[in-house]
Amino acid sequence: GNMMENLSEPDEMDKGVQPLDRIMRELLLTDEHLVDKSTDNLTFRMMAKGRKGRRIKSRNQLRILRALNDCSPEKKFTHEELFNYKGPAG
């Protein structure tokens with residue numbers, strides 16, 4: 001099978017690298033920082049998917065947002081600053 005075929009999935013599973021990724025680099029934060037800081041079971045898998053733009057549920061986007069803000073006392077980020085899409089609920 002040709003790998004290119006999968007790029008046009010109807011539900012757009014892949015949103016491309018998210019702004020979250022650049023923000024974390026600028027703040028010198030790693031996935032580990034956020035996972036360690038998270039109080040609601042953020043996982044490395046969620047982080048990887050969240051940064052790469054594989055669609056994750058809105059509650060998982062929220063976990064990432066909360067952990068990032070906990071790691072960044074001087075600047076608070078909004079959902080729109082981290083992600084260019086709203087994940088499905090559930």
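Starting from 1, each residue takes its place in the sequence as its number.
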Review point. Considering residues at least two apart in sequence or located in another chain, which fulfil the side chain to side chain contact (heavy atoms under 4.5 Å, CB included) criterion with F77?
Key: I23, L27, L65, L68, N69, S72, K75, E81, L82
Point to revise | Gap between atom CG of L20 and atom NE2 of H79 - 0.5 Å precision | key: 10.5 Å
Review point. If you look only at pairs with a residue in residues 64-74, which of them pass as a salt bridge (Lys or Arg N to Asp or Glu O under 4.0 Å), with sequence neighbours excluded?
Key: D40-R66
Check your understanding: Where do S58 and A89 come nearest, in terms of heavy atoms and distance?
Key -> OG-CA, 3.6 Å
**Study point:** Beyond-backbone contact of K86 with E80, side-chain heavy atoms, under 4.5 angstrom
**Key:** yes
Review point. Same cluster for M24 and F44 if Ile/Leu/Val/Met/Phe/Trp/Tyr side chains link at under 4.5 Å?
Key: yes
Check your understanding: Can you tell if the side chain of I64 reaches within under 4.5 Å of the side chain of Q61, non-hydrogen atoms only?
Key -> no
Review point. What is the distance from atom CZ of R63 to atom NZ of K57, rounded to the nearest 0.5 Å?
Key: 10.5 Å
Point to revise | Heavy-atom side-chain proximity of D31 to R51 below 4.5 angstrom | key: yes
Check your understanding: Mind checking what makes side chain to side chain donor-acceptor pair (under 3.5 Å) contact with T30, not counting sequence neighbours?
Key -> H33
Review point. Which atoms form the tightest heavy-atom contact between G50 and I56, and what is the distance?
Key: CA-CD1, 3.8 Å
Exercise for review: Using a cut-off of 6.0 Å, state whether more than 12 heavy atoms not belonging to E32 lie near its atom CD.
Suggested key: no
